[in-house]
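Reviewing the structure listed below.
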Amino acid sequence: MNAPDRMIARVSLEIALRKEFDYFVPPEMAGEVEVGTRVQVPFGPRKVFGCVTALAEESAHPHLKAILKTIGAQSLVTPKVLRLARWIGEYYCCPPEIALKAVLPEAVRHEEAGWRERLHVRLLPAAESSEGLKLPKRQEEILAMLKTRRELPLGELLELAHTTSTTVRRLEDKGLVSIAPEISERDPYGREHILPSQPLPLNADQARALAAIMAVMDRPMPPVEQSDKKLEALATASPPKPGVAAGGQVFLLHGVTGSGKTEVYLQAIAHTLEQGKGAIVLVPEISLTPQTVERFKARFSSGTLQTLVAVLHSHLSGGERHDEWHKIRQGRARIVIGARSAIFAPVDPLGLVIVDEEHEQTYKQEDSPKYNARDVAVVRGQMEGATVVLGSATPSMESFYNCHHGKYTLLDLPTRADDKKMPLVRVVDMRQTMRRGTVIPILSPQLREGIAQRLERKEQVILFLNRRGYSTSLQCPKCGYVAECPNCSLSLTYHRQEVKLSCHLCGHTAPVPAVCPNEKCRNPAIRYAGMGTQKVEEHLKKTFPEARVVRMDSDALKRKEDYRRILGDFRTGKIDILLGTQMIAKGLHFPNVTLVGIIYADLALHQADFRAGERTFQLLTQVAGRAGRGDVEGEVFVQAFTPFHPAIQFARRHDYLGFYEQEMEFRQQLRYPPCSRAALLTLKGRNEDKVKFSADYLKRELEKLFGDFKDLTIAGPAPAPLLRAETFYRYQIMLRGQRMTQLSRRLAQLAGSLNLPDEVTLAIDIDPVAFS
Ligand code: ADP
Ligand code: ZN
């Protein structure tokens, strides 16, 4: 493999330089260095890590330094994923080394995080014929043990045989056993016993959907060398362009909760495996429950298609992540199920990508590179000729719009798979309940009555409130003082159990004052306003003293196992009422839950974000979907102060299409996505005047730069909805237009040439989903 045409490697360094450098490949490394290999190279007086992005015969630079060493036996990024990283860097306006970091998990990148090795003792053939041998009693015993077990970890053997390693070493000296390090794989789900599952006979809608997907998979579809422009046009967020072929390779599976989308995914994956290819399944982090993972493992852990299912999410230890990742790279695991970053898993060849709950905001990474995994999935699918299935009960406006314009193919599952009825949704007008008192009530009489009924019938209840803590704020009724975070423009939340005030953005905590901190006031009767899950929990325990109430939010879950344990207790009926934040909104399936209560449905509506209505509709629909998954019909109570808001009313009627149509009117009028593409530029710094000044300067530069973009709107600068976050002031400019690739490219150039004050930084967010 000492080919002379492979002697120069182009390396992207992990230190931020926005540039690549050429290095000489020493002949002894020639076989090891390929595109994607991680290497250590000299850089000035330092040694730094990098990734090989290309191999070349010659370099424009004389006197190249040599690569010092390669890291890991196998290149860590496939050339295809490398190409995807390049696209991400360009499209999302970030330096290539940042894009590269995103595609490689930390634990795999680090040199130290290797396989865990353990010493194993194994019986050697000589021991089989050791009958005549005269051995001390201890050694005899150990040998006898090994004859039945063949092989076991040294530690285990020592424990079982009550012996020391010296004794075992004696046997090794005699050539009867070997002691050698053995890789022991960490399996995050290793302790579970999962029963294999068989494909279900599909109902007519499911069968139609699967047939459409398989027809595309069966079509010979070599990965096309598409131009970036074409790839961009196919990404979800983009408006359609005349003349760009739809490809028909992306499906939107719109199925109500419980319609059997997962069964369609499972059978499509089986088809991919039969074709000798692999699949990536993306689910939002919060849906990555043991329940979800189990369904995939159960289907593919036995039978003819047996393959490992690798799981990737943020709660794995560094070692577990390393092992899962290598199982994929070595082709032993051909199905990957994971959160956002699993879209970069080195599955090769890739046949199918599934993005479940495609509308979820968590697919968007908030740090650079600010990519949306759903859109990256579509682009990766195009690059590698893989079929992409986006699934949701409440598709994003973007994806549904793309179906209407022929870019994606819509597949419908309008009814629940098991013929269960959709739950009855009742909207409770909280203004009426409010009239009777001055404080905001937690439970309306209707919901309280509903809960009491369920408790009597030994059925279960889920209550949902998307706000943790006890009270949202601490306020003095006399002088109006509100306890605010010193770092952010947010009020502090009162946590009663921990007796502290805390900022949910930066984590700042403060003691709870006994009297109003205002020097001139000193009122001892300060009050707590608003409510969080802690307060609701307390109220429930008072109202239903017999009920077993458990709260599930990030405050209540201290350890990794808590989540599983609580869900397990709920399943086995040890809990009557499960109360939680969005953690319990998704993917859970409990047949005995017949009532779901949404404590405060308008909460998500009060956001300074054009997607507030869409989010509220999605959240209500998803939460309502948790009810009535068993034999008893489900009921949902939605408590709201604006009960006639369209998002609430359409959710009540389970009317996605109605919601979509009326929401589109609003988006069209204001040219918000999906009717245009957006980019959000945020300037931040500790000195508000400087930030403001820089924002005005940026606006002028943008106007100069984009003078020829007729359809571009430049809005702002305006203070961010959350003006101050973690001690930084923030001002924003929003761009809306049609041509995103050109926009990105020019923005990247502009970012490189701007003359901003030292303390002010610019962040570019392409296709933003959050406007805080
Ligand atoms: P979704 O993913 O759309 O929310 P699920 O795949 O979880 O729906 O399906 C809901 C329930 O219906 C599950 O218990 C599942 O086993 C069952 N189910 C799915 N497809 C079928 C089918 N064809 N026949 C009978 N039951 C089905
Ligand atoms: Zn704060």
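Side chains are part of it too, since the values below use all heavy atoms of this structure and drop only hydrogens, waters and symmetry mates. Just so you know, ligand 1 is whichever comes first in the structure, and atom 1 is the first atom listed for that ligand. Computed from a prediction, not measured in an experiment: that's the story for all the values here.
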Evaluate [X] for polar contact with ligand 1, using N/O atom pairs at a separation under 3.5 Å.
X: Ala417; result: no
X: Ser259; result: yes
X: Leu202; result: no

Restricting to side-chain hydrogen bond (donor to acceptor under 3.5 Å, both in side chains), what partner residues turn up for Tyr265, sequence neighbours left out?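 With sequence neighbours excluded, Tyr265 shows a side-chain hydrogen bond (donor to acceptor under 3.5 Å, both in side chains) to Asp356, given in chain and number order.
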Should the proximity of [X] to ligand 1, defined as any heavy atom under 4.0 Å, be assigned to the side chain, the backbone, both, or neither?
X: Pro201; answer: backbone
X: Arg295; answer: side chain
X: Leu200; answer: side chain
X: Gln206; answer: side chain

I'd like to know whether ligand 1 has Gly255 as a neighbour, heavy-atom separation below 4.0 Å.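 So Gly255 does not count as touching ligand 1.
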Below 4.0 angstrom from a heavy atom of Thr262, which ligand 1 atoms are there? Numbered from 1 as shown, please.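 What qualifies from ligand 1 is 2 (O), 6 (O).
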Distance filter under 4.0 Å to Asn203 heavy atoms, resulting ligand 1 atoms: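 Ligand 1 atoms under the 4.0 Å threshold to Asn203: 23 (N).
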Between Glu366 and Lys370, does at least one N-O distance fall below 4.0 Å, as a salt bridge requires?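 No, Glu366 and Lys370 are not salt-bridged.
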Would you call Glu294 and Lys297 a salt bridge, taking side-chain N to carboxylate O under 4.0 Å as the test?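 Looking at Lys297 together with Glu294, the answer is no, because their closest N to O distance does not fall below 4.0 Å.
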Below 6.0 angstrom between ring centroids: does that apply to Phe617 and Phe650?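 Between Phe650 and Phe617, which both carry aromatic rings, the centre distance is not below 6.0 Å.
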Does Glu358 reach the main-chain N or O of Ser396 with its side chain, forming a donor-acceptor pair under 3.5 Å?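 Yes.
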Main chain of Thr581, side chain of Asp553: is a donor-acceptor contact present, judged purely on distance under 3.5 Å?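 No: the side chain of Asp553 does not pair with the backbone of Thr581.
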If you take the nearest heavy atom of each of Ala207, Ser197, Gly258, which one is closest to atom 10 (C) of ligand 1?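 Closest candidate by heavy-atom distance is Gly258.
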How far apart are the C-alpha atoms of Glu263 and Arg299, what are their side-chain angles, what is the distance that settles it, and do they pass the salt bridge (charged side-chain N to carboxylate O under 4.0 Å, His left out) test? CA-CA 10 Å; Glu263 188 59 38; Arg299 186 62 55 88; 3.0 Å; yes
Could you list the residues that satisfy ring pair (Phe, Tyr, Trp, His ring centres under 6.0 Å) with Tyr660, not counting sequence neighbours?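 Checked Tyr660 against ring pair (Phe, Tyr, Trp, His ring centres under 6.0 Å); matches are Phe400, His404.
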